[in-house]
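Before any comments, here is the structure.
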Amino acid sequence: MKPFGLELSGVSKSYGDAPIIDNISFQVPEGELLVLVGPSGSGKSTLLRLIAGLVRHDGGEIRIGGRDVGELPPAERDTAMVFQSYALFPHMTIAENLSFGMRARGVERGHSAARVSEVAGALALGPMLHRYPRELSGGERQRVALARAMLREPELFLMDEPLSNLDAQLRVHARAEIVRLHSRLQTTTVYVTHDQSEALSMGDRIGVLNRGRLEQLGTPTEVYHHPQTLFVARFIGTPAMNTLPVKAMPPDHVGWNGHLVPIPGRFHASLDRRDDLVLGVRPEHVCLQGSRWARGVTPSEAMTATVDIVEVAGDQTFLELDVNGTLLVTRVEPDFPVKRGDRVTFWFFTDSLHLFDPGNEMALAAGNGL
Amino acid sequence: MRRWRTGDGIFLLATPLLLSTAALVVAPAVVSLGLAFTEYDALSAPRFTGLTNFRMLWRDPLFWTALRNSGYIAVLSVPLRLALALALALLLTPPRPFARAARISAYLPSVVPDIAYALLWLWLLNPIYGPLGLALQAAGLERHNLLLSPWGARRSIVLLGLFQIGEVYVVLLAARRELPAELYELCVMEGVSAFWTFRNVTLPLLIPTIVFLGVRDVAWSFQSTFVPSLVITEGGPEFATLFLPLYIYQNGFEYLRFGYASAMTVAMFILTALLVGAQVALLERWGTRQSERLEPHPLHSPGGDTIPHGSPR
């Protein structure tokens, strides 16, 4: 069997009594681009440094390409890291920055120069080789950092928020560039970001981290459409999913705000064993009467709300609805006629509703009530 | 409540410093500049003598001895002090057991009052009952009195200056801690040796700070010799530790030649200014080239602050 590109089993790290990384296990097939995403303090950067060996793990096993690297120093783990600040030496030219590892290891000068110009050519850095980092734009510096990692030809790329210092427009462009580079090199990559939209758009799979725990690991589609925990539901997607406290109304409804909300059939069996639940509704599944984007049919008992905030986003318009004091976010097509204070009629698109247990904050599994 | 403008607060806060500087530094400096052109014994009124004092100075062999001695200290002491402070700063940068205590104790000798510090060294260096002499005796070696030879006395002055590097070291410690941790993480990941990292990363990035501290230290070394040479060696033996500040003091307060002492002060001031000016010019030409390449490094992610294990400093 082909070994995994990266395999973590039961990896833990704590500083004093505070666990930073709490028993994390996952496998990354060779050649995959895995994005680890989480808010600041979730442990994602620490996890990356545990894999790199910059921080020593307390327990568990780390394998890269099938090789147990837990006791190896960082340089022998066959990884290359792209840092958030790019970690370019300000007093060295781009060429010197690129070749510094080879120079320090005593690689023959002619050979290292050839390798540098080869990789620099691939990333269109050729004309910049004799400039200093300060003379380059953010995007160019980021490419230098990538090129330097590529020069190592590692088994595993580790990228620590490499795009977070770029401005928004450039960031979207650079995302595509990294994805293209990855599909060309086919090197296993672990990419860390706090930006969930970056994670959704780049990852073959996404791992969502929260307080040192891996909340969910799956494809972008799985994570977006089937969040396994309340945290994932709220963290992935902009605007965030509406999470509403509801009462179970067996056999097939939940009660919210004086309304009966029908729920998908797969949850029916779990209803009679519960009382309090959390209903998750993505903004696109709050359907406004009269909107072309509304899905499903108008139910017999539609709900009404007052439009509180209208936020134009160009290709769509976000609305904050006031439903008897509860706020609900939805979106409509840009030319939908609406203004603050309007009364609107809405319903939830039943098929796409989510239910969570407020106790353990886990999604209700379909079919059973556990 | 009245809103304070920034200016108000700054002047209020600076008032004690401005007043004391004016009274204790600026005013005496102006007076001594004036006295440099007079003959004055503090008993009768000063008498204007033009450039006579400076002409005498030029022909005074002891002035040249003192100047040479002061230069000798600067040349020997400044590089040693910088090297030692840099070593201490780098050694105490990573979190280690007792690092805090070590950082503080490295600074402590610098806050001991100069007179007390000099008296302490007088005891340390005493061949009969000083710990150094006793240690030499215990080791079966001859008890040597360093202070009795010109060679030993000058080096003793350098030696005691080596422990008063608190300020230099604190600035270097701060400068080192400002360097981005990711640069060092990168070096660790590339498997670069600690010495290579020091030589090619740490040192070049700290050079602007080191040069600045060097300039400051030259001025410091001229002045700092006063108390030890007065208390420990009294300028001897054989004028080996006669430094400019001591010679100025002797002329003024022992021989009551305040005019002559003032002229010497002016000469020392001009000399220091020239030296510092030359260094600053050098620093500007070469330091700006360095610092232009530097730029504020972006904030690190929470994980970015962790110190990699086995990382070179």
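Since the structure is predicted, the reported quantities are computational estimates derived from the model, not experimental observations. Values below: all heavy atoms of this structure, side chains included; hydrogens, waters and symmetry mates excluded. Proteins come first, then strands; the chains are lettered A, B, ... in the order of their sequence lines, and each starts at number 1.
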Verify the distance criterion only: is there a donor paired with an acceptor across the side chains of A/Ser14 and A/Asp58 at less than 3.5 Å?
yes

Chain B contact via A/Phe100 - which portion, at a heavy-atom distance below 4.5 Å:
both

Of all pairs that satisfy salt bridge (charged side-chain N to carboxylate O under 4.0 Å, His left out), the ones with a partner from residues 80-97 of chain A, not counting sequence neighbours:
none

Crowded around B/Phe226 CZ? As in, over 12 foreign heavy atoms under 6.0 Å?
yes

Given heavy-atom pairs under 4.5 angstrom as the criterion, report whether the side chain, backbone, both or neither of A/Leu88 touches chain B.
backbone

Under 4.5 Å heavy-atom distance to chain B, tell me which part of A/Thr79 shows up: side chain, backbone, both or neither.
both

With sequence neighbours left out, what residues match B/Arg103 under salt bridge (Lys or Arg N to Asp or Glu O under 4.0 Å)?
none

